[in-house]
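Just the heavy atoms: all of them, side chains too, but no hydrogens, waters or symmetry mates, feed the values below. Chain letters run A, B, ... following the sequence lines, proteins first and then strands; every chain starts at 1.
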2 protein chains.
Amino acid sequence: MDISVLHNSILFKGFDDTEISELLKALNATEKKYNKGEMIFSSGEITDKLCFVTAGGVTIESNDMWGNRTILNLVGKGQFFTESYALLPDVPMLVDVCAAEDCSIVFLSMKSLADLNDTIRARLLANLLTITTRKNLHLSSRSFHTAPRQVRGRIMAYLNTVSVQKHSREFDIPFDRQQLADYLNVERSVLSNELSKMQRDGLIRCRKNHFEIITVTYLPG
Amino acid sequence: MDISVLHNSILFKGFDDTEISELLKALNATEKKYNKGEMIFSSGEITDKLCFVTAGGVTIESNDMWGNRTILNLVGKGQFFTESYALLPDVPMLVDVCAAEDCSIVFLSMKSLADLNDTIRARLLANLLTITTRKNLHLSSRSFHTAPRQVRGRIMAYLNTVSVQKHSREFDIPFDRQQLADYLNVERSVLSNELSKMQRDGLIRCRKNHFEIITVTYLPG
DNA sequence: CCCCAAATGTTGTAATTACAACATACTTTC
DNA sequence: GAAAGTATGTTGTAATTACAACATTTGGGG
């Protein structure tokens, strides 16, 4: 198991190596590898596992009965997922979790939290609070990215966020075209088309998943 | 200040009357009334206040520069909001908070958390964790309600959720038409129109904000 | 009971998107 | 470096939505 990634995670912030090893044991940590496209959880499942990405990445998505996918979030190396369901173990999952690429996941049993001593548990809970709070902001972000009614507005909303996060007008995005379309809740072909128009209009430049924002001020029309 | 609502809140679960009174003092609890439509927070603001609705309700919304509103969440009596921003006090708010009706809000300073003794703080943090976790599920819910591409699909997704929550095919929703439209990210007139069609098609019955689902199985086309 | 204001419903047209089908580019494997 | 497979770009048409304008209903105050 790749301990180093876990050591730098938010969950174990403030814990030393010995404590982390003991915690991993206490929480029944297990690791499993998945191939791109494999399903890790399906909607309706119940779990008490807090999941951690040690390699690769997964998408949190909703797939309706007509095959439409909506990507709610992309969880990359060093990040957690299913924390909500792990902490509210009565609630069946509303989402699917799917390997966005070959990846490796560590599962931690939150049921076992109760067995820890108070001090350790308090420190863990404080860290969990940070995780859920940040996840909240991520979920809110997507709402802003899908709020504009037009495709161009959604693209710009998303690209602006990434640009601010990376402190640069030039950056890579973690999505391919189909994933970005599913994240922004638009048709892939319409997305491709709009990206072309935006390049012709001199708003952006892009090649594959590398983007450059030429003009910041986006005006509708 | 209306103590009884706070006593039954998730935040103070497990605390007795004396402890709650002390905590309210320690967290500099203040109460303020707002009229319908009044702004409580604007996007860009920074706050360390955890907010609690003692009466009425507020909307968490995004208003873009062209006057388009998107309602992310409706927070009613007995519920909390801005917990993410209170706990991550560096992060400027992405949303506006607006009084959906005449309401009364209690503000709790999270900066003051640090001054509490370890035991009390640990218990509070555990309760905060429940609040943020539930908020996460609410935010996810909205994503499912706005995931369908067609208006009818969005309406059914939303009504189904409410129906499940209330354990009944007949229920009131907390939104008026404009609010529901802004929550589902569609035009108000299109929403009204679609509701009419759905009644003609025998899917639902509704009058004002009272709804009845006639047929559960919704098939596209 | 009437008037007013707000909320909701209806309709038509312009604009946008969905969808399918196809074209091109890029990767990987042998 | 061909072949096959995947990802991305382009285009046209049908369907849907946005928007504006107007009609109707509802719920108070006078």
Shortest non-hydrogen contact between A/M156 and A/M198, atoms and distance: SD-CE, 3.3 Å
query: Can you list every salt bridge (charged side-chain N to carboxylate O under 4.0 Å, His left out) pair that touches residues 157-166 of chain B, not counting sequence neighbours?
result: none
- request: Calculate the interatomic distance between B/F175 atom CZ and C/dA7 atom P; express it in whole Å.
  value: 16 Å
query: Given side chains that start at C-beta, do those of B/E83 and A/T133 come closer than 4.5 Å, heavy atoms only?
result: no
- prompt: Taking CZ from A/R177 and C1' from C/dA23, how many angstroms apart are they, rounded to a whole number?
  reply: 17 Å
- prompt: Contact class for B/K197 vs. all strands (heavy atom < 4.0 Å): base, sugar-phosphate, or nothing?
  reply: nothing
Would you tabulate the pairs of protein nitrogen or oxygen atoms and nucleotide nitrogen or oxygen atoms of nucleotides 20-26 of chain D closer than 3.5 angstrom?
from: D/dT26; atom 1: OP1; to: B/R207; atom 2: NH1; distance (Å): 3.2

message: Given C/dG9, D/dT17, D/dC19, identify the nucleotide with an atom nearest to the side chain of B/S196.
response: C/dG9
- prompt: Rounded to whole angstroms, how far apart are CG on A/D182 and P on C/dC19?
  reply: 12 Å
- request: Tell me, please, which residues at least two apart from A/S163 pass side chain to side chain contact (heavy atoms under 4.5 Å, CB included).
  value: A/F171, A/I213
- prompt: Out of D/dT17, C/dA18, C/dG9, which nucleotide sits closest to the side chain of B/S192?
  reply: C/dG9
- line: So salt bridge (charged side-chain N to carboxylate O under 4.0 Å, His left out) across residues 46-64 of chain B, not counting sequence neighbours, yields B/E61-B/R69
message: Test: side chain to side chain donor-acceptor pair (under 3.5 Å). Region: residues 85-96 of chain B. Which pairs qualify, not counting sequence neighbours?
response: B/N63-B/D96
- prompt: Listed by chain and number, what are the side chain to side chain contact (heavy atoms under 4.5 Å, CB included) partners of A/T54, not counting sequence neighbours?
  reply: A/E31, A/F52, A/S104, A/V106
task: Go through the structure and list residues passing side-chain hydrogen bond (donor to acceptor under 3.5 Å, both in side chains) with A/T70, not counting sequence neighbours.
output: A/N185
- line: Separation of C/dT8 atom P from B/E194 atom CD, nearest Å, is 17 Å
- request: Can you tell me the distance, in whole Å, between the CG atom of B/N185 and the P atom of D/dC19?
  value: 11 Å
task: Hey, could you give me each pair passing ring-ring contact (aromatic ring centres under 6.0 Å, His included) that has a residue in residues 131-153 of chain A? Not counting sequence neighbours.
output: A/H145-A/Y158, A/H145-A/Y183
field: Axis-to-axis angle between the two ends of the helix from C/dC1-D/dG30 to C/dC30-D/dG1 (five base pairs per end, rounded to 10 degrees)
entry: 40°
query: For the pair made of CD1 in A/I155 and P in C/dT16, what is the distance, rounded to whole Å?
result: 14 Å
task: Give the rounded distance in Å between these two atoms: CD of A/Q178 and P of D/dT8.
output: 9 Å
- prompt: Hey, does B/N193 reach any base, or is it just sugar-phosphate, or nothing, if we go heavy atoms under 4.0 Å?
  reply: base
query: Taking atom P of D/dT16 as reference, at what distance in whole Å does atom CZ of B/R154 sit?
result: 14 Å
